[in-house]
Amino acid sequence: MKSSTLRTYIAVHTWVGLVAGFCLFIAFYAGAITIFHEALHGWETPASQSVAQTPLSQTQPLIDAVLAAHPKAGESFFVRLASLEEPHTTLEWDERSFRLDAAGKLEEVKPASQLVDFIYRLHYTAGLPRSWGIYVLGVVCVLYGLALASGVIIYAPSFFKDLFALRIGKNIKRMWQDAHNAIGILSLPFHLMYAWSSAVLALGVLLLAPFQYLIFDGKLIDVIGPDISAAAPPRAPGASAPLMPASQLIAAAQRAAPGMEFTTLVYNHAGGANAQLQAYGRIEQHTVASMAAVVLNASSGKVERVMTPERFSLGTRFMRSLQTLHFANYGHAAVQWTYFVLGMAGAFLFYSGNLLWIEARRKRSTLAQPRSGRLMAQATLGVCLGCVAGVSSVFLLNKLAPGDVPLWEERGYYGVFLLCVVWAFARPPARAAHELLVLCAAVTAAVPLAHWYGSGVNPLQSLLRGDGVAVGVVVVALLFAALYWKMARAVLKRGLHGDPYSVWSLRAPAASEALARQAA
């Protein structure tokens, strides 16, 4: 390859990585935690674990009570059936949740916590407003794919020679470069899948728009609609007709899809002859995708469509498999932990990429370093370590916050994140790095203590009870706290004793110049 072409690819890889890196760090760090979304739901609301599951027979009384109190809900609502993670059956309509209390009376409920849902929102918006943040992250994922392609082209010639090379020593840049390259190459299939699936899931509708209006004369959605969704909502409710009891509808759906475990019921036009029920759930088959659906007429109970993996069309199989790969909804604990490790390694990839950019532009003959390097160091510390400290703060506030816990969780994250960004720009980079890493270590290490205080169950008792989720949170929190503490000590050591010609140096200018003269 010509040297000019190689330089072009390096420039593309560098600048695209820098532009996309901040959002991708947040997306990967939060996304790694989101892999355990269902398990952590029991951790965030432990009181629900001692509550008996709502029986299926109570589903229809809940629907009837909501429709009697809110007739407009009949247009469209969905029911989340009770599960091990959430024992209450709830009906959600117009961003409001309802359930029946112990006496069978309808009550509107607010979530006791939004920990896992908030972290999931961070994953697909990077903390930006939900209405447009998902589209920004979709564009970022397209850039992410470009960075991956250019990175492979750059490092493919030395792939086997440098794959397992991790040269630890005085050459800090080489060490970070080796770690960055090894993680990037070894996890390349994972990153390619995520770049592709994220762009499709976030920008799919926008990418289809030109074809919908310029080529297919507005009919493309009608053509691919059956591949995207189980069924389109009925165009008209029809004549007035009562709903068939939910238990009977589910029984009919189970006969149509044997072995399917139903989790969500989506109703449209309840109360009309054309009322529709889309029953979603999982079915274990020898396929990557396990999501399935049965569509019924909710008034007559007639089965209108059955969507199981073995009956998927090519388009549905592609879409559902892509979703399953993205969210790790296949396999069991081994797959989840693999995704967790790869997700955290991905976050490190973007963090180390920024550090390499700073190191590459360091002037090794003068104490005055480029302003761009200092600003990039401060921005990297503020955004990346602000995200780390903010996410750990959400876990803390889940156990310690008084009153409206979901509000505390959200405001706590943004408050800690913004304070870290301000602190990073107010302090010298080396000082800020040490102080923010100490903060990350302290807040993360406090998570097990907060859980102990909030639940009254210490980690040893959780282990003896076989509470794998609580023990897992403790182990991961302590491991990451130790890692952040070790990083903080390494940053401080480099600042005090390392090369003075760096934005990471803490050595006084006069002393550094004297050392330089003695060395000369």
Side-chain angles (χ1 to χ4, degrees), residues 30-56 58-59 62 78-93 95-103 105-123 261 263-265 327 329 333 336 340 390-413 443-444 446-459 461-477:
I33 298 171
T34 301
I35 295 298
F36 300 102
H37 185 280
E38 293 183 0
L40 286 174
H41 181 66
W43 188 90
E44 68 175 342
T45 54
S48 66
Q49 301 306 298
S50 60
V51 178
Q53 287 190 29
T54 304
L56 188 61
Q58 291 298 305
T59 305
L62 171 61
F78 64 92
V79 178
R80 296 189 187 276
L81 299 176
S83 65
L84 291 175
E85 291 77 22
E86 178 48 66
H88 295 287
T89 293
T90 58
L91 185 151
E92 299 189 19
W93 164 72
E95 298 185 359
R96 301 166 69 182
S97 297
F98 303 89
R99 72 185 183 197
L100 298 178
D101 62 15
K105 183 180 179 181
L106 182 67
E107 63 177 354
E108 184 174 352
V109 294
K110 292 184 178 180
S113 169
Q114 284 286 327
L115 184 149
V116 291
D117 290 334
F118 176 73
I119 293 178
Y120 175 53
R121 197 190 327 153
L122 283 180
H123 168 61
E261 297 180 5
T263 58
T264 306
L265 309 177
F327 294 107
N329 292 332
Q336 291 179 318
F340 177 80
V391 169
S392 295
S393 297
V394 175
F395 278 81
L396 276 183
L397 292 169
N398 172 263
K399 301 303 178 187
L400 304 179
D404 191 348
V405 173
L407 186 63
W408 276 97
E409 290 169 342
E410 182 171 353
R411 291 185 176 179
Y413 171 83
V443 177
T444 306
V447 171
L449 297 177
H451 179 258
W452 185 355
Y453 175 83
S455 65
V457 180
N458 64 50
Q461 288 175 316
S462 298
L463 180 62
L464 294 176
R465 292 180 179 182
D467 188 347
V469 176
V471 173
V473 171
V474 170
V475 172
V476 171

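Hydrogens, waters and symmetry mates are skipped; everything else that's a heavy atom, side chains included, is used.
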Point to revise | Residue among Ile119, Asn398, Val116 satisfying side-chain contact (heavy atoms from CB on, under 4.5 Å) with Leu40 | key: Val116

Review point. What are the two closest heavy atoms between Ala477 and Val447, and how far apart are they?
Key: CB-CB, 4.3 Å

Review point. If every non-hydrogen atom of Leu397 is compared with every non-hydrogen atom of Gly412, which pair is closest and at what distance?
Key: CD1-CA, 3.5 Å

Review point. Does His37 offer a backbone N or O that forms a donor-acceptor pair with the side chain of Thr34 under 3.5 Å?
Key: no

Exercise for review: Give, for atom CD of Gln53 and atom OG of Ser83, the distance between the pair rounded to the nearest 0.5 Å.
Suggested key: 6.5 Å

Exercise for review: Identify the heavy atoms of Ser97 and Glu92 that sit nearest to each other, and give their distance.
Suggested key: OG-CG, 3.6 Å

Review point. Nearest heavy-atom pair of Ser392 and Thr444: which atoms, and what distance?
Key: OG-OG1, 2.8 Å

Study note, to complete from the structure: Distance col, row Glu107:CD vs Asp101:CG, nearest 0.5 angstrom, shows 5.0 Å

Check your understanding: Rounded to the nearest 0.5 Å, what separation is found between the CD atom of Gln336 and the CD atom of Glu38?
Key -> 8.0 Å

Practice item. Compare every heavy atom of His123 with every heavy atom of Ala30, then report the nearest pair and how far apart it is. Key: CB-N, 3.9 Å

Check your understanding: Which pairs count as salt bridge (charged side-chain N to carboxylate O under 4.0 Å, His left out) when at least one residue sits in residues 390-406, sequence neighbours excluded?
Key -> none

Exercise for review: Supply the atom-to-atom distance Phe327 CZ to Ile35 CD1, rounded to the nearest 0.5 angstrom.
Suggested key: 9.0 Å

Study note, to complete from the structure: Per ring pair (Phe, Tyr, Trp, His ring centres under 6.0 Å), Tyr413 is matched among Phe118, Phe395, Trp408 by Phe118

Practice item. Evaluate the side chain to side chain contact (heavy atoms under 4.5 Å, CB included) criterion for residues His88 and Val109: first the C-alpha distance (whole Å), next the side-chain angles of each, then the deciding distance (0.1 Å), finally the verdict. Key: CA-CA 11 Å; His88 295 287; Val109 294; over 6 Å; no

Point to revise | Check ion pair Arg99-Glu86 (N to O, under 4.0 angstrom) | key: no

Review point. Leu62 and Thr89: which non-hydrogen atoms are nearest, and at how many Å?
Key: CD2-O, 3.7 Å

Point to revise | Gap between atom CG of Asp467 and atom NE2 of His451 - 0.5 Å precision | key: 6.5 Å

**Study point:** Side chain proximity check, Leu265 to Thr59, heavy atoms < 4.5 angstrom
**Key:** yes

Check your understanding: Within a reach of under 6.0 Å around CZ of Arg411, are more than 12 heavy atoms found that belong to other residues, nucleotides or ligands?
Key -> no

Review point. Does any non-hydrogen side-chain atom of Glu410 lie less than 4.5 Å from one of Gln114?
Key: no

**Study point:** Main-chain N/O of Asn458 paired to Gln461 side chain as donor or acceptor, under 3.5 Å
**Key:** yes

